[in-house]
Protein chains: 2
Amino acid sequence: MGPGDEPDVVVIGGGPTGENAAQYALDGGLSAVLVEGELLGGECSYYACMPSKALLRPVDIVHTAQHLPGAVGARLDPATLLARRDAWVSHYDDHGQERWAAGAGIGVVRGHGQLSAPRTVTVTGPDGEQRTLRAGTAVVIATGSEAVVPAEFEAVEPWTSRDATGVTEVSESLLIVGGGVVAVEAATWLAALGSQVTLLVRGQRLLAGLEPFAGELVAAGLREAGVRVEFGAHIAAAARPRAEATGLGRVHGGPVSVDLADGRSLTAAEVLVAAGRRPRLAHVGLEAVGLDAAAVAAGRLPDWLHVIGDAGTGAPLTHMGKYEARVLGSRLAGATDVPAPADVPVPQVVFAEPQVAAVGLTEERARERLGAEAVATSEAEFTAAAGAALLRDDARGRAKLVIDRRSGAVVGATFAGPEAGELLHAATIAIVGEVPVSRLRHAVPAYPTASELWLRLLEALPRELR
Amino acid sequence: MGPGDEPDVVVIGGGPTGENAAQYALDGGLSAVLVEGELLGGECSYYACMPSKALLRPVDIVHTAQHLPGAVGARLDPATLLARRDAWVSHYDDHGQERWAAGAGIGVVRGHGQLSAPRTVTVTGPDGEQRTLRAGTAVVIATGSEAVVPAEFEAVEPWTSRDATGVTEVSESLLIVGGGVVAVEAATWLAALGSQVTLLVRGQRLLAGLEPFAGELVAAGLREAGVRVEFGAHIAAAARPRAEATGLGRVHGGPVSVDLADGRSLTAAEVLVAAGRRPRLAHVGLEAVGLDAAAVAAGRLPDWLHVIGDAGTGAPLTHMGKYEARVLGSRLAGATDVPAPADVPVPQVVFAEPQVAAVGLTEERARERLGAEAVATSEAEFTAAAGAALLRDDARGRAKLVIDRRSGAVVGATFAGPEAGELLHAATIAIVGEVPVSRLRHAVPAYPTASELWLRLLEALPRELR
């Protein structure tokens, strides 16, 4: 082995999760190497969060301007919008990330990494040459997730999330299969770019894990933007006479037809499958150390092996992967002062119209977990605070707190409305800090900000909790 | 006395502070009457926060759009912008507020109210008729504040804040005297409306009570918007050969010339004096009960009399007045469960470009209060979080936490950057909840939101606090 081939920590996967694990290990005095076979920076930086938000922000601002008297003339220009996306993904060039890693003192090995023995990772480089890394302390698998393509779409060469974020050719019409975050966000920017979008949702609501009003507001917003939203859409078959993988974000051949179980058939120029993701664990060599994906899911791992981020068992969200990575990186480096709360609340922001931001438990989940009698809620219209109503003249939305009656602490919060995303962290801190609502009354929101929704929410609580 | 003339609580002043005091007293089972001689809803609703934010939001969104590739064509249209302002001030008609009060069960007496004896308020109505109200429990003075016009401007008929928010005639050129919130916000919208604005600031910085970087960023933003910012501008004299009070928001006559102490002379079509405000206590009858403004300032009041909001001794901010009113209203109604923290942190948002949001102690104030050795700080560039950088391609700003090393708790926070206003409440809750930074590490901000600045701020803390 050459120098650098025996670091303390080998991280397979150079996305945000892997980068944070390496950085926090390094900050604690360990050496760390990142193994990455694609772009350093990962799915999030090039194919998911970054390009989607680079696309969605101008869409949001233009739509806001169009609903604010005094602002006139705002419209989207698809070509410059796509150019903004290209700039935010650094034109799919990861030299910036490479410089960051070098500056931080993190080793980078390019190639496909897989376990070949305990604590040992074999990297197959772009030219087929192999290199073996032996971890003194730990191997961290942070390979992320990949889109699940149901069998009926396999021959169709559908778009997956990467094509949607990397769109270069806006199809005249588009079917989107799914009703989760990827589906609704992609529908938002692709409709804004000019596609006639139809959302095919298996269930009866969007954003199924969140408070029902969130999905209802987003469905209304999509419909207003010209998107057809079909609930209860069970797909029986899909066909595409001329399917060809023409490249990222380009239309993959001729028209697609989709047959629904109710007998209807739909045709569009392209189909985007956003029907879920799974951990990317098929080619990381688990079998070489006597493991498989089921062992990972069950947490049955040797002490030198850690699977975190989307590849692991936590919430598949970039920020939760990064959090796991910070905790793990610090812990590998010997930190003992990591007083994690029993249940770290998981925040999520959906950049649809309106934005939806949620953290902790929904009312339904809280009732399951705490018992119905222990749960109190309060709700307010988003426009009940002047500062929220001012954001655009067609503002609408809703906010909700879920409270544990026994402690008086917030256990969940959802905000749906313009720019709701930044309202969330206050709730996350309230949950993590276990601040009772009687104390939150003394946290004064500034007038006139949308944060004054907290006043309405606290006023709407059952009297004994106020 | 007629029916309704002997309520439990008489509130002089029907602004947000008075309304909240009445409402919370009522919620607690008392009866309450509001006395208002101008528009019900107060300064804030018609002449301050509401019209200013109605004007500033489209300015912000248009400027944002102009710095977001993908968004094209956005510009301000002064006529429709002023029409939006008119809509948000309900065309200076308070019937909506009157309906709200009636619906809430709060009595409203129109006219100028002043104390005439203990617990007694005499109201002089619009036609000169008098009515006497006798409070069973308390009289609350919530008459707000008024602009201070320095002697040298008395003969000039300058604009004050009401003319700026109520602008109907945009003067070609405008001098603004002051460097605080009113001055910088008015400069922002009046420059956007087309005035050539010069800010005359006595001191060497803007927003003097806040972290220095806040004023520096706002000064840079104003200059970029074409505003001249002159520091150390001591005004020796002002003159206006033809001064006439032509009505709210109209140019008050001919050009104004201002002589500076350094010998320079400046001339403009209008001058806005934003040199501070004082409690509006001159005509509330304090002398009838043996009191004066000094007694109010010193808190020497009989137990039946309360002076709150801008008229009182607290921070002169609408939300703090409303907070005082909620606490007082509940307390008058017998609530005992009001466990107010020793020091309720005061938040403030300045809707300039960039927005500035601050709560609690600045580093300087914390060092004075806690001793220099007890204070730790951390700072981050606003664009250090991807979610913040995404907001506009010219985003810039800064964020700072001030920590009490002994408890590890946040005691102050400042955010300056695009849409920074909504980032503040998280800090306010952290301060009120006394959540130590070691715990805040487990409050995960969603990616990619601007709230991820918290990660950068926590990472920038001294190692022993992390």
Side-chain angles (χ1 to χ4, degrees), chain A residues 49-50 53-54 57-58 61-62 64-65 68-77 80-81 83-84 88 317-320 322-323 337 339-341 344 347-349 357 386 390-391 419 421-426 428-430 432-433 435 438-440 442-451 454, chain B residues 49-50 53-54 57-58 61-62 64-65 68-77 80-81 83-84 88 317-320 322-323 337 339-341 344 347-349 357 386 390-391 419 421-426 428-430 432-433 435 438-440 442-451 454:
Chain A
C49 337
M50 267 305 103
K53 276 67 209 183
R57 172 72 177 168
I61 288 297
V62 165
T64 300
L68 269 180
V72 294
R75 61 183 173 78
L76 281 173
D77 176 59
T80 53
L81 181 58
R84 178 179 204 243
W88 274 93
L317 295 160
T318 294
H319 45 275
M320 293 313 292
K322 294 199 299 177
Y323 170 73
D337 62 331
V344 173
Q348 181 164 20
V349 176
L390 273 162
L391 294 174
E419 297 179 16
E422 303 300 346
L423 297 181
L424 193 63
H425 200 53
T428 307
I429 287 181
V432 165
V435 187
S438 58
R439 186 91 182 173
L440 287 175
H442 303 286
V444 181
Y447 188 82
T449 62
S451 294
W454 281 89
Chain B
C49 336
M50 268 304 102
K53 275 68 210 182
R57 172 73 176 165
I61 288 297
V62 165
T64 300
L68 269 180
V72 294
R75 62 184 172 77
L76 281 172
D77 176 60
T80 53
L81 182 58
R84 179 180 205 241
W88 274 94
L317 295 160
T318 295
H319 45 275
M320 293 313 292
K322 294 200 299 176
Y323 170 74
D337 62 332
V344 173
Q348 181 165 21
V349 176
L390 273 162
L391 294 173
E419 296 178 17
E422 303 301 345
L423 297 181
L424 193 64
H425 201 52
T428 307
I429 287 180
V432 165
V435 187
S438 58
R439 187 92 183 172
L440 287 175
H442 302 286
V444 181
Y447 188 83
T449 61
S451 294
W454 281 89

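Below, chains carry the letters A, B, ... as their sequence lines are ordered, and counting in each starts from 1.
- Closest non-hydrogen pair, A:A446 versus B:P347, comes out as N-CG, 4.1 Å.
- In this structure, chain A has heavy atoms under 4.5 Å from both the backbone and the side chain of B:A450.
- Between B:P58 and A:A71, the closest heavy-atom pair is CB-N, 4.3 Å.
- Interface check for chain B: of the options A:V435, A:D77, A:T64, the most heavy-atom pairs under 4.5 Å are formed by A:D77.
- The distance from the NE2 atom of B:H425 to the CG atom of A:L440 is 7.0 Å, given to the nearest 0.5 Å.
- When each of A:I429, A:T318, A:V349 is scored by its heavy-atom pairs under 4.5 Å with chain B, the top score falls to A:I429.
- The OG1 atom of B:T80 sits 10.0 Å away from atom CG of A:L68, with the distance rounded to the nearest 0.5 Å.
- Within the 4.5 angstrom heavy-atom criterion, no atom of B:L317 approaches chain A.
- With hydrogens and angles ignored, the 3.5 Å screen pairs a side-chain donor or acceptor of B:E422 with a backbone N or O of A:S451.
- Taking 4.5 Å as the limit, some side-chain heavy atom of A:L390 sits within range of a side-chain heavy atom of B:R84.
- Within the 4.5 angstrom heavy-atom criterion, only side-chain atoms of B:V62, from C-beta onward, approach chain A.
- Under the 3.5 Å distance criterion, the side-chain polar atoms of A:R57 are matched with a main-chain donor or acceptor of B:L391.
- In this structure, B:H319 contributes its side chain and A:Y447 its backbone to a donor-acceptor pair below 3.5 Å.
- Looking only at side-chain heavy atoms (C-beta outward), A:L424 and B:T449 stay at 4.5 Å or farther from each other.
- The choice from A:A65, A:P445, A:A357, A:A386 that makes the most heavy-atom pairs within less than 4.5 Å of chain B is A:P445.
- For chain A, the option among B:A83, B:A430, B:G433, B:P69 with the highest count of heavy-atom pairs below 4.5 Å is B:P69.
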